[in-house]
Amino acid sequence: MTSQMKQEPPVESKVIVITSGKGGVGKTTSAAAISAGLAQRGYRTVVIDFDVGLRNLDMIMGCERRVVFDFINVIQGDARLKQALIKDKRLENLSILPTSQTRDKDALTKEGVEKVLNELREDFDYIICDSPAGIERGAQLAMYFADEAVVVTNPEVSSVRDSDRVLGLLSSKTARAEKADAEPIKAQALLTRYDNQRITSGEMMTVEDVLEILAVPLLGVIPESSAILRASNTGTPVVLDEPSNASVAYEDAVSRLIGEQVEMRMESDRRPGLFQRLFGRTA
Amino acid sequence: MFGFSLRSRRKPAKQSAETARDRLQILLAHERSTGSGPDCLPELQRDILAAIKRHMKIDNDAVDIRMDRGDELSSLEINIEFPAAEPSR
C-alpha cells in the first residue's frame, strides 16, 4: 500500500499549527493532507481539531462514524486521551483527535490544551493543530503552544490581510513569543487555490506578490484542483487519494516541512491539454 | 474516443458526490437524533464502570468504548479489562 520509509525521527516532537484567520481557505484540507503525508513518511503523527462546535476534521479524514470521545472530553477528564484518539485505518502511525460538536470554544482551557499536548508529545513525532477560522479563543489556543506554523493563504486580498494579522499574533500571543529565551515560532506560508490561468491573465496575485507582502518563507503552492473536492467527498486526505497536481504539491510541502530542499513547481490542474481543448471542455 | 473521455472525466466525480451525500445523511441522522447529547457516552462509561464495580474490582480506566456508526446499524463495542487473579482486599 503506502510506503513506510523509516525516517530519522525529529529530535523532539513538533507541534505545528495550521492557521489562516480567514475561513474557507483550506486549513482542514491542508491539516489532513500534511498529517497524512508525514505519517506516510513514517513519522508518528496526530492531527487535532481545535474548531470546537464545528467539528469537520473527522469528515475530511473519513473517520466521522468512529468518534466516541473527543478533545473536550479529555480536557474535562471524562475520557482518557487514548480513548479519544482515533487510529487511521489507512496509515497505522496516524491518529486523529476529534473535537466536540456540541460544546463551544469556552470548553478549551490553556492548561487543558497544554496537558493534552504534553501527553501527545510522548507518543508522537508531529502534532498538527487544525485551527478554527478567526482569531478568538479557539484559534489562539491552537497556536499558543506551537513550535511551527503553516499559514494557509489564498491569493486574494482578504485572505492575505488576515494571514498578516495571524502572523502578528504568532509573534506576540504565543508561548514562544512570551518566553524571552525561546526561538520564535517558525511560520511559513502555504498558498492554496492557486490558479495559473487566472494569474497569467493578471486576475490573481502571484506567489511573489503574496510573499512580498507577508514576508515569510513559502512552504508550498497548492493548485486549485478538482481532486480536493473529490477527496473531501470520500473522506480521504488528498495525498492518499489518486495522484493529482494537488497531491503532488502537498507531498512537496511535506518534504519542505521536514527540512528537505524541493524545487517549487507551479502547475495548475486546470490547464487543458490539446485533446481537452478540442473535445473535453463541454461543461 | 470522445465517449471514453467523457466517462473518465465525469463518472468518478458523480460517484464521489454520491459518497459525500451518503456520508452526510448517516452522520446528520445520528447528530440530530435525541439521546446522544454531549455527555451521553461519558455518562454511559461511568454507569458501566459503576455497575461492574459493584460486582468486581476493576481499575477506573479499565473500560474502553468504541463506536462504529452505520446506515443500517451502529455498533458499540465495550471492552472491560480486569486482572487475571482477584487481588486480595
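Sequence lines set the chain letters: A, B, ... in the order given, protein chains first and strands last, and positions in each chain run from 1.
Residues passing the ring pair (Phe, Tyr, Trp, His ring centres under 6.0 Å) test with F124(A), sequence neighbours excluded: none.
At a threshold of 4.0 Å, the pair E77(B)-R66(B) does not count as salt-bridged, since none of the basic side-chain nitrogens sits closer than that to a carboxylate oxygen. A salt bridge does not link R65(A) to D68(B): none of the charged nitrogens lies less than 4.0 Å from a carboxylate oxygen.
For L27(B), the part sitting under 4.5 Å from any heavy atom of chain A is the side chain, from C-beta outward, and nothing else. At a 4.5 Å heavy-atom cutoff, the contact between R66(A) and chain B is made by backbone and side-chain atoms alike. Proximity to chain B is limited to the side chain of Q101(A), based on heavy atoms less than 4.5 angstrom apart. Only the side chain of I26(B) comes within contact range of chain A, with heavy atoms under 4.5 Å apart.
Inspection of the N154(A) and T192(A) side chains reveals an N or O donor paired with an N or O acceptor under 3.5 Å.
The candidate with the highest count of non-hydrogen atom pairs below 4.5 Å against chain A, out of D64(B), D22(B), L76(B), is D64(B).
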Under 3.5 Å, which donor-acceptor pairs link side chains of residues 48-64 of chain A to any protein atom two or more places apart or in another chain?
residue : atom : partner : partner atom : Å
D49(A)  : OD1  : D51(A)  : N            : 2.9
D49(A)  : OD2  : N56(A)  : N            : 3.2
D49(A)  : OD2  : L57(A)  : N            : 3.2
R55(A)  : NE   : D58(A)  : OD2          : 3.2
R55(A)  : NH1  : T99(A)  : O            : 2.9
E64(A)  : OE1  : R23(B)  : NH2          : 3.0
E64(A)  : OE2  : R23(B)  : NE           : 3.1

